[in-house]
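Read the structure below first, then the notes.
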Amino acid sequence: MAIVEPVTSTNGHRRLRLESPATREALGEITVNTAAEVRERIAAARKAQPAWEALGFERRAQIMQRALTILLAQQDRFMDVIIGETGRSRMETLMMEMFPACDSLAYYAKNAERLLRDESPSLHLLKTKKLVISYRPLGVVGIITPWNGPFVLSLNPTVQALMAGNAVVLKPSEVTPFSGKLVAELFAEAGLPVDVLSVLEGDGETGAALVEGGVDKISFTGSVATGRKVGEACGRQLIPCTLELGGKNPTIVCRDADIPRAAKGCVSGAFLNAGQFCCATARIYVIDSVADAFIDHVVQYVRSLKQGQSGEFDLGPAIWPRQLEIIERHVNDAIARGAKVLTGGARNRELGELFFQPTVLTDVTDDMLVMREETFGPVVSIVRVPDEAEALRLANQSSYGLAATVWTQDRANALRLSKAIETGHVCMNDCSITYGIHEAPFGGRKQSGLGQVHGPSGLKGYCFAQSIVLERWTIGQEDAWYPYTAQKASGMRKAMQWLFGSRLGRLFT
Ligand code: NAD
């Protein structure tokens, strides 16, 4: 959804007018929440949180389950809003938003209690004690989300934070605010107590107010530039944050790859959501001996893609005018520096202002913007390499480290290559599907982010792990207590020598 122009309303609030990226028809307006309003919402959430926590996992899960039932029953209504804002196809909306949203609700409703159960690891020393690690909610979690997966990227962290017992204040992107609002509607209908979830309207100013508003954690998904600001603000306030940021994701196509499948997979991986996907395949390194066949297949598949705005189609428009400008700048820079356009390369003006043709480039070099910066559009670059070692070197030559894929029939080789690639996740013979696997920690390395969502560690990130040391049996006076005596010091030396200096003692440490 494109923002046409900010307009000021009579009560002094900024308002933003929005329109469809596909048809440019007006979709409505939002009123930007002020910093004072943000603080009020946080205060209300803080008040509502203890009762929500006290409900316990089972009752919280029942609300997730009700939300799931509503989402399944009203999926078309939800999809209409998301499609209106993104211009995506129905199939892609089902696959990228609806299915993973249902899975998130179902998975955390079923598994959060197990994943956050108290732990009691046995202690190697201090056998008189029992350690209990208890995963306590943080309090109020601020969630800030982007426009490229406007419903699921808002819903999924919200579900995790809520199931862990937190209250949530969510700030969806100003580019797709109505998809973010759906999260509030869904939970209100499912019976979530008032103020446990608040969804704000607004842009960067509102996001910054949320970060500074006194929350206990920020879960941020968005660009590197904004992520850095959010991380700095959280650091200053000493509150935790997770930063899920951008990528310039490499793919390695090995000599033994199933070439037609690899080509088809790379095309899907590159052009999903018209390339507006943080894990989109952007840089393909293909071994020279299979490169001709691979490139032929890629070009053939890309030319068969249907771009459109109604009925059945594969690719929609750029969701945001500013993104289209970036895409165009990257492609023009590549062409000016000698890249070859195998297909695409320009806007698809027949369809509308925001449509860019699916584009395949070769003869690209590392100094081109399209190889260095996130394009976030329907553009993929292919580089021929002599061997896997060179593919790895080039794949890792990036300031980003989000996702990668490898195409080979040899699983051992896939594992070896994956471990050598400096990204948060790697998939073999498939597009980057890790975000859809709730058991898998998801996060970026280098500039692609900080911390992880999903997996047991992601869910635990919405809690603090409290260590509680209980007594198993008492021995009256502890040796380490006062008074300090020469005899106690000598006893401690002997214990130290035996524990850390003898073979028998080492069995205990
Ligand atoms: P963005 O950084 O411009 O905005 C993200 C959110 O931050 C929006 O809600 C925005 O209003 C808010 N914001 C802006 N300035 C802020 C500030 N100073 N303080 C707090 N909040 C502020 O990103 P975008 O253009 O909306 O999204 C695209 C980016 O998101 C791409 O880089 C993409 O790769 C990334 N992304 C990453 C993941 C991931 O999981 N790693 C997933 C999806 C998208």
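Start at 1 and go down the list; that is how both ligands and their atoms are numbered. Note: hydrogens, waters and symmetry copies are ignored here, and every other heavy atom, side chains too, is used. The residues of the chain are indexed from 1 along the displayed sequence.
Under the 3.5 Å distance criterion, with hydrogens and angles disregarded, no donor-acceptor pair is assigned to the side chains of Gln49 and Arg46. When only modelled atom types and interatomic distance are considered, Gln452 and Glu244 share no side-chain donor-acceptor pair under 3.5 Å. Using modelled atom types, one finds a donor on one side chain and an acceptor on the other under 3.5 Å when comparing Arg88 with Asn273. Side-chain N/O atoms of Tyr400 and Thr423 include no donor and acceptor closer than 3.5 Å. With no hydrogens or angles considered, no side-chain donor-acceptor pair links His13 and Asn33 at under 3.5 Å. Using a 3.5 Å distance cut-off with no hydrogens or angles, the side chains of Thr31 and Arg15 do pair a donor with an acceptor. For Thr226 and Ser223, the side-chain atoms include at least one donor-acceptor pair closer than 3.5 Å.
Among pairs with a residue in residues 313-334, those fulfilling salt bridge (charged side-chain N to carboxylate O under 4.0 Å, His left out) read Glu328-Arg347, Asp333-Arg337, at least two apart in sequence or across chains. Sorted by first and then second residue, the salt bridge (charged side-chain N to carboxylate O under 4.0 Å, His left out) pairs involving residues 414-431 (not counting sequence neighbours) are Glu388-Arg416, Glu422-Lys446.
Where the criterion is an N or O separation shorter than 3.5 Å, residue side chain and backbone included, Ser223 meets it with respect to ligand 1. Taking distance alone, with nitrogen or oxygen atoms compared against 3.5 Å, Trp147 approaches ligand 1 more closely than that limit. Checked by distance only, ligand 1 and Glu374 come closer than 3.5 Å through their nitrogen or oxygen atoms. Geometrically, ligand 1 and Lys229 share no nitrogen or oxygen pair separated by less than 3.5 Å.
Residue-level proximity to ligand 1 for Leu153 is carried by the side chain, the only part with a heavy atom below 4.0 angstrom.
Nearest protein neighbour of atom 5 (C) of ligand 1, counting heavy atoms only, is Thr221 O, 3.8 Å. From the protein, the heavy atom lying nearest to atom 12 (C) of ligand 1 is Ile144 CG2, 3.7 Å.
Which parts of ligand 1 touch Gly246 is read off a 4.0 Å heavy-atom cut-off, strictly below it: atoms 32 (O), 34 (O). Atoms of ligand 1 found under 4.0 Å from any heavy atom of Asp203, numbered from 1 in the order shown, are 11 (O). The distance from ligand 1 to the heavy atoms of Asn148 drops below 4.0 Å at these ligand atoms: 43 (C), 44 (C). Numbered from 1 in the order shown, with element, the atoms of ligand 1 that lie under 4.0 Å from a heavy atom of Cys278 read 34 (O), 36 (N), 37 (C), 38 (C), 39 (C), 40 (O), 41 (N), 42 (C), 43 (C), 44 (C). Taking a cut-off of under 4.0 Å to the non-hydrogen atoms of Gly207, the atoms of ligand 1 that pass are 19 (N), 20 (C), 21 (N). Per-residue contacts place Thr145 under 4.0 angstrom from the following atoms of ligand 1 (heavy atoms of the residue considered): 6 (C), 8 (C), 9 (O).
Of the listed options Gly424, Ala403, Gly443, Gly222, Gly222 places a heavy atom closest to atom 35 (C) of ligand 1. If you check each of Leu210, Leu245, Thr176 against atom 41 (N) of ligand 1, the one with the closest non-hydrogen atom is Leu245. Considering each of Pro146, Ala233, Gly142, the one bringing a non-hydrogen atom nearest atom 27 (O) of ligand 1 is Pro146. With distances taken over non-hydrogen atoms, the option nearest atom 3 (O) of ligand 1 out of Val453, Thr226, Val175 is Thr226. Residue Phe376 holds the heavy atom nearest to atom 33 (C) of ligand 1 of all those in Phe220, Phe442, Tyr435, Phe376. Here the shortest heavy-atom distance to atom 17 (C) of ligand 1, taken over Gly204, Pro177, Pro157, Pro150, belongs to Gly204. Looking at Lys171, Lys248, Glu244 and measuring to atom 11 (O) of ligand 1, the nearest heavy atom belongs to Lys171.
A distance below 6.0 Å separates the ring centres of Phe376 and Trp147.
How far OH of Tyr107 is from CD1 of Ile437: 11.0 Å, rounded to the nearest 0.5 Å.
Ring orientation note: the planes of His425 and Phe442 are close to parallel, at an angle under 30° on the 30°/60° scale. Between His438 and Tyr108, the ring planes are perpendicular. Angles over 60° get that label, and only those under 30° would be called parallel.
Ligand 1 has at least one atom lying under 4.0 Å from a heavy atom of Ser173.
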